[in-house]
J.: 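Sharing a structure, written as structure tokens. Questions coming.
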Amino acid sequence: MSKSKNTLLALEAALERIKQGKPKRITTHRKLSVRAVEEEANLGNGSGYYYPDFVEKVKQTKAEIAACKGEIVQPEIQNVRTKLKEQKRIKDNFKAKYEAERKKLALFAAAQHHLNDKMLQSLARIDELEYENAELKEELAKIKRSQVVSLK
């Protein structure tokens, strides 16, 4: 078999693998083109264009896939879309939880500040009452001393 025939067989085998959605060297979601088939066949750039019938076959296959609305590639796109939706849902869920926790933290901080303020007010009131109590004790002692009568 000549080198030309081997190249054409490699190109057609690569095209068939791409049509089945099971390429070995390129990604499954890549658009079908002569260059994609060349890469799948592990051939050089432009080697497929030496075979005009093959180029026409690639164009025809591409049109068939477009007519089928991409059913061959569609499952891969659906998987990617499903994963994207799941990631977006998880991200939104985390955002909602994060916002809820931030609100809780703000409420806790406000409550802590309020309690701290009340504690400082209470401590100031305690100081005032202790001072007043000490004054009243002194006054009581003076009154008791003044009422002491000598027994002579």
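Keep in mind that this is a model prediction, so the values were computed, not measured.
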J.: What distance do L84 atom CG and N79 atom CG have between them, rounded to the nearest 0.5 Å?
T.: 12.5 Å
J.: Could you grab the distance from atom CG of N116 to atom NZ of K118, nearest 0.5 Å is fine?
T.: 12.5 Å
J.: Side chains of V58 and S33: closer than 4.5 Å at any heavy-atom pair?
T.: no
J.: Please evaluate residues K144 and V148 with respect to the criterion side chain to side chain contact (heavy atoms under 4.5 Å, CB included), reporting the C-alpha separation (whole Å), side-chain torsions for both, the decisive distance (0.1 Å), and the verdict.
T.: CA-CA 7 Å; K144 284 184 179 181; V148 173; 5.8 Å; no
J.: Check A10 against A41 and note the closest heavy-atom contact, atom names and distance.
T.: O-CB, 3.6 Å
J.: Please round to the nearest 0.5 Å and tell me the distance separating atom CG of L115 and atom CZ of F108.
T.: 12.0 Å
J.: Considering non-hydrogen atoms only, spot the tightest contact between I18 and P23 and give its length.
T.: CG1-CB, 4.3 Å
J.: Do E39 and R35 come close enough that some side-chain heavy atom pair is under 4.5 Å?
T.: yes
J.: Do K59 and V55 have side chains that get closer than 4.5 Å, going by heavy atoms?
T.: yes
J.: Would you check, one step at a time, whether the test salt bridge (charged side-chain N to carboxylate O under 4.0 Å, His left out) holds for K142 with E139?
T.: CA-CA 5 Å; K142 284 181 184 178; E139 192 177 321; over 6 Å; no
J.: To the nearest 0.5 angstrom, please state how far the CZ atom of R145 sits from the CG atom of L140.
T.: 10.0 Å
J.: Rounded to the nearest 0.5 Å, how far apart are CD1 of I90 and NZ of K95?
T.: 14.0 Å
J.: Would you compute the distance between atom CZ of R89 and atom CZ of F94 and round it to the nearest 0.5 angstrom?
T.: 9.5 Å
J.: With side chains defined as the heavy atoms from C-beta onward, is the minimum distance between T7 and Y50 less than 4.5 Å?
T.: no
J.: E86 vs K83, test: salt bridge (charged side-chain N to carboxylate O under 4.0 Å, His left out). Steps then yes/no.
T.: CA-CA 5 Å; E86 179 67 16; K83 287 179 183 177; over 6 Å; no
J.: Would you say the side-chain atoms of Y51 pair up with the backbone N or O of S4, donor to acceptor, closer than 3.5 Å?
T.: yes
J.: Would you say the side chain of L15 lies within less than 4.5 Å of the side chain of K57, judging by non-hydrogen atoms?
T.: yes
J.: Taking all non-hydrogen atoms of both residues, which atom of V37 and which atom of A14 are closest, and how far apart?
T.: O-CB, 3.6 Å
J.: In this structure, which one of R17, K19, K24, K22 forms a salt bridge (Lys or Arg N to Asp or Glu O under 4.0 Å) with E40?
T.: R17
